[in-house]
Amino acid sequence: MSQDQGPETSSQDIHDAIASSEGTGQDFSALRELLIGDEKRVLEELQRRIAALETPEELAAMLPDAVALRTAQDKKLARALSPTIDEAISEAVQRNPQQITQAIFPIIGPAIRKAIAETMAGFVNTLNRAIEHSLSFRGLRWRIEAWRSGVPYAQVVIKHALVYRVEQLFLIHRETGLPLTHVAQKDLDSQDADLVSGMLTAIRDFVSDSFDAGSEAGLRTFTVGEVTVLVEAGPRALLAAIVRGQHPAEFIDRLQGTLETIHLQFATALNQFNGDAAPFEATVPLLEACLDTVLTTDRPGIRRGKLRIAWGIAFAILALLAVLAIRSSRRWNRALESIEHEPGIILVEANRGFRRPQLRGMRDPLAANPMMLLAQMGVDSSRVNAVWEPYLSFDSSIVIARARTLLDPPPSLELELRDNVMLASGTAPADWLARSSRLATQIPGVEGLDLSAVTLSVPNDLRDLASQIEQRRILFNVGSAVLAATARNIAAEVADSFRHLQQLSGDALYYATLNILGRTDTTGSNETNRVLSQERARNVVALLASLGIAEDMMSGVGIGTTDPIVTGDPVSTARVNRSATFVVEFRPDTGGARRLQ
Amino acid sequence: MIQKKICMIGMFGTGKTSLIRQFVHSKFSDKYHSSVGVKIDRKQVQLSETTVNLLLWDLAGKDDFEDLQTSYLRGSAGLFFVADGTRRDTYDQLFELRRLAFEAIGDVPYVVALNKADLTDLWVLQQRDYDALTADRWHMLTTSAKTGDGVNEAFYWLAAETIRR
């Protein structure tokens with residue numbers, strides 16, 4: 001602006017200066033004004049602007065443009081700022097992570113999704129390509145299957161291409177059947193590890209019990225449709241794998257290895273397990289390492305090393321033959337030893353010979369079959385010529401076996417021979433007691449039979465009938481022993497049931513008696529109650545007698561309040577104790593034959 | 001969380017399965033009984049300071065105690081006996097069942113539920129029977145699987161006992 005007006009203003013100024021130049025001081029400054037007035041003003045303006053540049057306001061106005069300008073030129077600015085920015089971010093994360101999280105969340109979610117989608121797409125592509133290239137005909141067939149069934153192609157491929165997939169693993173405490181660790185493939189959800197662990201243990205027990213396998217043997221594999229359950233047992237824990245498809249034999253080795261490692265690393269925790277599975281969380285990585293998924297395309301070829309396998313087999317056969325020869329002679333000796341120790345068998349002569357071994361001896365008919373013993377010891381018994389003369393052994397185990405065949409004791413009964421007397425203990429039905437007392441002394445090697453430790457068992461049908469009778473009761477009014485109208489009906493039912501029971505009992509050599517217990521509630525004195533209860537019992541006995549029950553098969557007792565029936569509720573307790581109740585007792589019917597007629 | 005195995009023992013028809021049904025929601029159907037002879041259910045109970053996950057092994061009831069499948073008892077932290085208060089024989093066999101169980105797995109906490117307490121008119125257990133149980137160290141409760149009376153108490157008592165050991 002000053003420059004635009006410059007020429008006009010300066011000529012005017014010069015005129016003014018000359019006109020007013022009268023004093024020296026004034027003249028000098030007029031002269032200076034005249035000579036450098038313009039430059040001085042320009043200088044002052046520049047000074048003002050430089051000062052202004054140093055204030056934040058001016059910088060703020062300039063900075064965005066300056067940064068943009070510089071960034072467009074080269075990367076120096078970015079390089080210079082980057083340490084500062086790094087530091088600023090880490091400071092911010094430390095001070096307020098929440099805010100950063102919120103800020104970047106919208107970016108992270110889509111980014112992860114995109115990454116997963118890309119990986120999956122790559123996986124499916126690889127799979128597709130592998131299948132289409134190597135098995136194009138099959139690929140086509142699967143495509144047709146996918147098209148016909150409406151199932152996505154990828155699923156059909158996985159279904160066919162899957163060799164095996166370990167879906168779940170359970171580490172189970174062996175004794176309790178409680179789960180220690182459970183891992184599963186991510187896409188499976190299974191919340192009942194504890195129940196499954198329990199049932200697996202129960203099924204194993206069930207199988208070993210049912211087939212009488214030793215405690216160390218047990219179910220190792222079972223198959224349900226396409227799923228196989230593999231169970232490896234260690235001394236303290238079981239490792240069960242749920243596998244879909246055909247697993248290789250090596251997988252079982254790996255399970256065993258894993259189980260051994262766990263036994264080693266967690267020995268103390270396993271020994272001290274009291275229901276708290278927390279210490280076993282550390283086994284999760286070990287188990288997860290076994291969660292395999294193997295597709296056909298993952299498998300290496302099997303053509304290699306066929307020759308090596310053939311050589312290996314030949315060598316193994318030779319080695320086996322040598323070992324067999326040595327073993328066979330050892331086995332023979334051990335077999336003879338076991339026969340000699342077997343009760344009821346006396347070996348008189350044994351000759352191995354070159355081709356057909358010869359045996360001669362004596363054998364109790366109840367002794368173990370010596371040929372079976374040979375076979376159990378691994379000797380081919382069909383090639384052995386054996387002659388066994390029969391004899392009666394008095395070895396206690398043979399005598400007991402003889403007693404068992406003759407007496408046929410129920411499984412609940414133990415027999416034991418002591419000083420030639422047969423001791424029986426446990427429970428047995430009446431007919432067995434009758435029969436065994438008759439037969440026992442006729443058994444060679446048995447001089448007497450001791451039944452004092454045997455309790456009488458009562459068959460279920462008799463017991464059920466007795467229970468029915470014992471559930472009945474005849475109720476009385478307060479303070480009264482008079483039989484109500486309903487009493488006769490109940491008594492008739494009891495009489496019918498008891499007659500039926502007597503019939504069944506007699507057939508099974510039991511003798512049943514009916515005890516009638518008269519009762520009272522707790523009101524009144526003990527003496528009154530005792531008399532009243534006796535009267536109640538007597539009246540019921542008389543009623544039953546009138547209905548045809550023989551009096552010598554009944555007994556009536558008044559027990560007053562001494563042994564009351566106790567229900568949860570005092571009112572009904574009082575009511576049910578104003579009554580006569582029934583108790584059926586069974587004895588073995590020693591004079592059974594007489595009673596039956 | 002602590003897990004404990006509990007076995008339910010009692011003769012046929014005493015109501016073991018009904019007691020469990022009153023106490024938990026069952027996952028497995030009852031047909032497991034006839035096949036494998038045992039059915040397993042789970043119930044979490046909250047005791048004062050711990051949560052206990054009870055695994056209830058419901059052994060199939062038998063007519064005869066000789067058939068008790070003792071291999072299923074292995075590892076039990078507690079035994080839950082059940083008798084039917086309207087049938088004397090189920091009470092009589094408690095003592096023998098306990099002897100067989102202890103012979104198989106040793107001494108563990110146990111409780112007996114005298115079940116079907118709702119059937120007061122058919123109830124046959126007398127004072128003498130309760131006295132005999134108490135004298136013989138049984139902890140007993142009368143229960144009704146029908147009304148639910150006593151059921152929780154019995155299971156909670158046993159759970160607490162297994163923790164105390």
Side-chain angles (χ1 to χ4, degrees), chain A residues 173-180 192 194-199 201-210 215 274-278 410-412 426-427 455 457-458 460 463-464 466-468 470-473 475 517 519 559 561-569 572-573 575-577 581 583-584, chain B residues 1-5 12 27-28 32 35-42 50 52-53 55-57 59 63-67 69-72 74-77 84-90 92 96 105 117-131 142 144 147 149-150 162-163 165:
Chain A
H173 186 242
R174 182 164 177 171
E175 196 188 12
T176 57
L178 296 172
L180 301 175
D192 295 308
D194 46 1
L195 299 183
V196 174
S197 299
M199 278 317 285
T201 316
I203 291 169
R204 261 175 59 85
D205 289 345
F206 170 70
V207 171
S208 14
D209 285 358
S210 307
S215 64
N274 70 340
D276 183 5
S412 55
T427 60
T455 43
S457 70
V458 179
N460 290 330
R463 219 158 49 189
D464 287 348
S467 272
Q468 274 176 34
E470 288 171 352
Q471 283 178 352
R472 315 308 309 231
R473 63 190 50 145
L475 300 179
L517 302 183
R519 302 168 179 279
I559 61 167
T561 57
T562 51
D563 189 8
I565 295 167
V566 184
T567 73
D569 155 51
S572 68
T573 293
R575 187 169 60 87
V576 296
N577 279 294
T581 59
V583 175
V584 179
Chain B
M1 185 179 58
I2 302 287
Q3 311 185 74
K4 294 287 180 190
K5 170 177 172 180
F12 185 75
K27 174 184 167 67
F28 294 118
Y32 281 81
S35 49
V36 185
V38 64
K39 184 167 88 77
I40 302 174
D41 286 297
R42 171 208 320 120
T50 30
V52 186
N53 193 25
L55 283 158
L56 303 167
W57 287 48
L59 308 194
D63 274 344
D64 271 310
F65 55 79
E66 281 100 7
D67 298 334
Q69 273 173 293
T70 48
S71 61
Y72 288 150
R74 246 194 339 251
S76 299
D84 173 355
T86 71
R87 274 165 55 207
R88 170 154 299 283
D89 51 337
T90 67
D92 288 338
E96 185 61 15
I105 60 161
D118 49 294
L119 300 177
T120 44
D121 271 12
L122 300 176
W123 196 256
V124 296
L125 296 183
Q126 320 175 131
Q127 189 58 49
R128 186 180 49 187
D129 304 320
Y130 297 105
D131 293 346
T142 48
S144 165
T147 64
D149 282 349
T162 63
I163 292 300
R165 280 276 171 122

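Proteins come first, then strands; the chains are lettered A, B, ... in the order of their sequence lines, and each starts at number 1.
Under a 3.5 Å cut-off, the side chain of A:D276 and the backbone N or O of B:I2 do not form any donor-acceptor pair. Side-chain N or O atoms of A:Q471 include none that pairs as donor or acceptor with a backbone N or O of B:V124 at under 3.5 Å.
Both the backbone and the side chain of A:N274 come within less than 4.5 Å of a heavy atom of chain B. Residue B:S71 touches chain A through both its backbone and its side chain, counting heavy-atom pairs closer than 4.5 Å. Residue A:A278: no heavy atom, backbone or side chain, is found under 4.5 Å from chain B. Contact annotation for A:V566: both backbone and side-chain heavy atoms come within less than 4.5 Å of a heavy atom of chain B. Using a 4.5 Å cut-off between heavy atoms, A:P410 does not touch chain B at all. Using a 4.5 Å cut-off between heavy atoms, B:T142 makes no contact with chain A at all.
Taking every heavy atom of both residues into account, B:L55 and A:L178 meet most closely at CD1-CD2, 2.9 Å. The two atoms that bring A:T176 and B:W57 nearest to each other are O-CZ2, 4.2 Å, heavy atoms only. When all heavy atoms of B:Q3 and A:P179 are compared, the pair lying nearest together is NE2-O, 3.0 Å. When every heavy atom of A:A202 is checked against every heavy atom of B:I40, the shortest pair comes out as CB-CD1, 4.5 Å. For the residue pair B:K5 and A:E175, the shortest heavy atom distance occurs at NZ-O, 4.4 Å.
Between B:D121 and A:R575 a salt bridge is recorded (basic side-chain N to carboxylate O distance below 4.0 Å). A salt bridge links A:D205 with B:R74: the closest approach of a Lys/Arg side-chain nitrogen to an acidic carboxylate oxygen falls below 4.0 angstrom.
Rounded to the nearest 0.5 Å, atoms CG (A:N577) and CD (B:Q127) are 10.0 Å apart.
The side-chain heavy atoms of B:L125 and A:I565, taken from C-beta on, include no pair separated by under 4.5 Å.
Annotation: side chain to side chain donor-acceptor pair (under 3.5 Å) contacts of A:T581 (sequence neighbours excluded): A:R519. Residues that satisfy the side-chain contact (heavy atoms from CB on, under 4.5 Å) test with B:T120, not counting sequence neighbours, are A:T567, A:S572.
Between A:D563 and B:Q126, the side chains place a donor N or O and an acceptor N or O closer than 3.5 Å (distance only, hydrogens not considered).
Contact count versus chain A (heavy atoms, under 4.5 Å) is highest, among B:L122, B:T90, B:I105, B:L119, for B:L122. Counting heavy-atom pairs closer than 4.5 Å to chain B, the top-ranked of the candidates A:Q468, A:R473, A:R472, A:H173 is A:R473.
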